[in-house]
Amino acid sequence: MRVPLLPRSPPLPAVAAAAMPPRRRRRIRPPLPPSPPLLTSTPPPATPPVETTPKSEAPDHCPPPARRRLLPLVAAAAEAEGDWHPLPLYPADLSLPLTLPTGQTFLWRRTSVSPLRFTGAVGAHLVSLSHLPDGRIAFLLHNGGPGGGSPSAARAALADYLNAAVPLADLWRRFAAVDARFAEVAARLGGGGARVLRQDPVECVFQFLCSSNNNIARIEKMVWTLAGYGERLGEVGGFVFHQFPTIERLARLSEQELREAGFGYRAKYVVGTAKILQAKPGGGEKWLASLRTRELPEVIEALCTLPGVGPKVAACVALFSLDQNHAIPIDTHVWKVATQYLMPELAGKSLTPKLSVAVADAFVAKFGSYAGWAQNVLFIGQLSAQKLMVAETTIVSTKPTKRKRSGNNFKT
DNA sequence: CGGTAACCTGGGAT
DNA sequence: AATCCCAGGTTAC
């Protein structure tokens, strides 16, 4: 496999460098410059986003009916749900709808529309995320207590998963200053909050293994099927959530089993990759994690040895889970952006590995060591533009199609 | 090396 | 109704 040779990234932007702690000792609650100081070691539970009509909860979570009836609705909801814990992240730092359902992970489910709420597994923690009335992010731990984790452990896991140490607002200011197109898209998206996650590498590899030449709905279905092989964590909003399975568990799946589950030719990729990872000295988890401290070209090369992993999937895994903030996944959407705005001389040409390297280089030259974060925003801009167009045409041209549960796709 | 065709599947367009 | 085309690519000629 040819290895795209991406240049060494330029030094960190001064502002980011100053705010970024060394990777080695990742801070649990890093200070975010733009955010007011509000975190204490034991933050008081926040008022949960008010549920206007408390829906019927899963039986497991319901207090005894007799007692519940005596409580005011809000109190009952609070008791059934537990406490919402605020995080020092404001919409400019993290917008849930611009981060969770926009293609870097396919495992979160929208479990409430008003207030907007997403639920997913972060490691073994089953959490819901929502914006408080003041805009801050808050999380609710569903499987805490005996047999589960503590809120403080969940908080630490979330800070890591959300890449909370990276000062997004500062990055956006820099990006907008060097690129008019970015400024335009950023404004259209509401000014901030599209954040690159720091996912578990195993989870990330297998998610993007399912993504090739595929559409979002089916990717979500396949990824959800994979997750189902992991340990059950609980049920929220009618969805049963699982911890993502281990490599060992995935390696025990058969290609036939996955084909019957609708994976098509990707079935052999999943099993093959699981087996290769399993055979790594020290285990696949460790091998993948070790890539976090390697240079990007080496990371891409290593990932491309896995069956079903090509340059695009490798770049996704590198960016979304391996700290390669200047990795640029070149897919059809980004290719469009690139040929339209960044390198018009490439218009009409086909996306070859060599050209995709050239485009990636151009992104890094323009946006610097966090170019992947800029690319992610431009991608989302392209995505939403397309979805808006699709929505328009369907309204105009077709009769009201009965909507199947298309539930978790990105829409505005 | 660059260009091309299969490759599973499902939904929407023609 | 049948067929084509496309969807966040990768692999094999």
Side-chain angles (χ1 to χ4, degrees), chain A residues 1-5 101-107 194 196-197 204-225 255-273 276 300-301 303-320 327-339 346 348-360 363 372 375-387 389-406 408-410:
Chain A
M1 183 81 228
R2 281 290 296 113
V3 184
L5 289 182
T102 48
Q104 50 180 321
T105 169
F106 305 92
L107 285 166
V196 169
L197 298 170
C204 201
V205 164
F206 287 95
Q207 287 195 76
F208 283 96
L209 218 40
C210 299
S211 75
S212 69
N213 192 26
N214 208 347
N215 59 71
I216 304 290
R218 197 155 77 104
I219 296 169
E220 284 180 347
K221 182 185 163 212
M222 291 162 62
V223 166
W224 195 252
T225 298
E255 180 183 337
Q256 184 192 346
E257 184 176 2
L258 290 178
R259 276 191 176 266
E260 286 166 2
F263 280 64
Y265 58 81
R266 301 169 198 81
K268 62 178 179 301
Y269 295 160
V270 170
V271 178
T273 288
I276 288 179
I300 300 289
E301 177 181 22
L303 291 174
C304 284
T305 62
L306 302 171
V309 177
K312 191 272 179 179
V313 168
C316 286
V317 174
L319 176 62
F320 299 138
I328 311 290
I330 310 286
D331 54 44
T332 56
H333 296 307
V334 175
W335 180 248
K336 258 174 227 167
V337 173
T339 54
L346 297 182
K349 299 196 156 194
S350 61
L351 204 178
T352 66
K354 186 158 278 186
L355 281 184
S356 92
V357 170
V359 171
F363 268 97
Q375 172 275 343
N376 184 48
V377 173
L378 295 176
F379 169 78
I380 293 171
Q382 197 70 17
L383 229 195
S384 63
Q386 177 184 296
K387 295 235 169 185
M389 273 173 48
V390 169
E392 256 174 68
T393 54
T394 49
I395 288 171
V396 174
S397 66
T398 66
K399 59 188 177 196
T401 53
K402 60 175 171 217
R403 45 192 161 77
K404 4 154 222 63
R405 43 185 242 83
S406 62
N408 308 287
N409 287 349
F410 177 73

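Note on naming: letters A, B, ... go to the chains in the order of the sequence lines (proteins, then strands), and numbering restarts at 1 for each one.
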Using the C1' atom as the reference point in each nucleotide, state the distance between C:dT11 and B:dG10 in Å, no decimals.
23 Å
Testing C:dT10, B:dT9, B:dG2 for proximity to the side chain of A:Ser212, the answer is C:dT10
Tightest non-hydrogen contact, residues A:Thr225 and A:Ala261, listed as CG2-CB, 4.2 Å
Here the distance between atom C1' of C:dG8 and atom CZ of A:Arg218, to the nearest Å, is 14 Å
- prompt: With a non-hydrogen cut-off below 4.0 angstrom, is A:Gln104 in contact with a base, only sugar-phosphate, or nothing?
  reply: base
From the list A:Asn376, A:Val377, A:Ile380, A:Ile216, side chain to side chain contact (heavy atoms under 4.5 Å, CB included) with A:Thr102 holds only for A:Ile380
Per atom distances to the A:His333 side chain, the nearest of B:dC8, C:dG8, C:dT10 is C:dG8
The side chain to side chain donor-acceptor pair (under 3.5 Å) partners of A:Asn214 (sequence neighbours excluded) come to A:Arg218
So the stems of DNA chain C, runs of at least three Watson-Crick or G-U pairs (under 3.5 Å), are B:3-7 with C:9-13, B:9-14 with C:2-7
Whole-Å distance, A:Gln382 CD to C:dA7 P, equals 12 Å
Here the pair of heavy atoms bringing A:Phe379 nearest to A:Asp331 is CE1-OD2, 3.6 Å
Between CG of A:Leu351 and P of B:dG2 the distance, given in whole Å, is 12 Å
_If I pick the P atom on C:dC6 and the same atom on B:dT4, what distance separates them, to the nearest angstrom?_
15 Å
Across all chains, not counting sequence neighbours, the side-chain contact (heavy atoms from CB on, under 4.5 Å) partners of A:Leu351 are A:Ile330, A:Trp335, A:Ser356
When every non-hydrogen atom of A:Ala318 is compared with those of A:Ala327, the smallest separation belongs to CB-CB, 4.0 Å
Ranking B:dC1, B:dG10, C:dG8 by distance to the side chain of A:Lys354, first place goes to B:dC1
Of the candidates B:dG3, C:dG8, C:dT10, the side chain of A:Pro311 sits closest to C:dT10
Taken to the nearest whole Å, CD1/A:Ile300 to P/C:dT10 is 10 Å
Checklist entry - Can a donor-acceptor pair under 3.5 Å be found between the side-chain atoms of A:Lys312 and the base atoms of C:dG9? => result no
Walking DNA chain C from its 5' end, the first of A:Pro307 and A:Gln375 to be reached, judged by nearest nucleotide, is A:Gln375
Do A:Ile328 and A:Val359 touch side chain to side chain, with heavy atoms closer than 4.5 Å?
no
Separation of B:dA13 atom C1' from A:Asn215 atom CG, nearest Å, is 15 Å
**Asked** Given side chains that start at C-beta, do those of A:Phe320 and A:Val196 come closer than 4.5 Å, heavy atoms only?
**Response** yes
May I ask you to test the A:Asn213-A:Tyr265 pair for a side-chain heavy-atom distance under 4.5 Å? yes
Can you tell me, in whole Å, how much space there is between the P of C:dT10 and that of B:dG11? 24 Å
Taken in chain and number order and not counting sequence neighbours, the residues that satisfy side-chain contact (heavy atoms from CB on, under 4.5 Å) with A:Thr352 are A:Ser350, A:Lys354, A:Leu355
Between CG of A:Asp331 and C1' of C:dT10 the distance, given in whole Å, is 14 Å
Taking the same atom, P, in B:dT9 and in C:dA1, what whole-Å distance lies between them? 23 Å
Separation of B:dC8 atom P from A:Lys221 atom NZ, nearest Å, is 16 Å
A:Ile330 atom CD1 is separated from C:dG8 atom C1', nearest whole Å, by 12 Å
The nucleotide from C:dG8, B:dG2, B:dG10 with an atom nearest the side chain of A:Ile216 is C:dG8
Those residues at least two apart in sequence (or on a different chain) that pass salt bridge (Lys or Arg N to Asp or Glu O under 4.0 Å) with A:Glu257 are none
Under 3.5 Å, which N/O atoms of the protein pair with N/O atoms of nucleotides 4-7 of chain B?
none

Pairwise P distance for C:dG8 and B:dA5, with rounding to whole Å:
22 Å
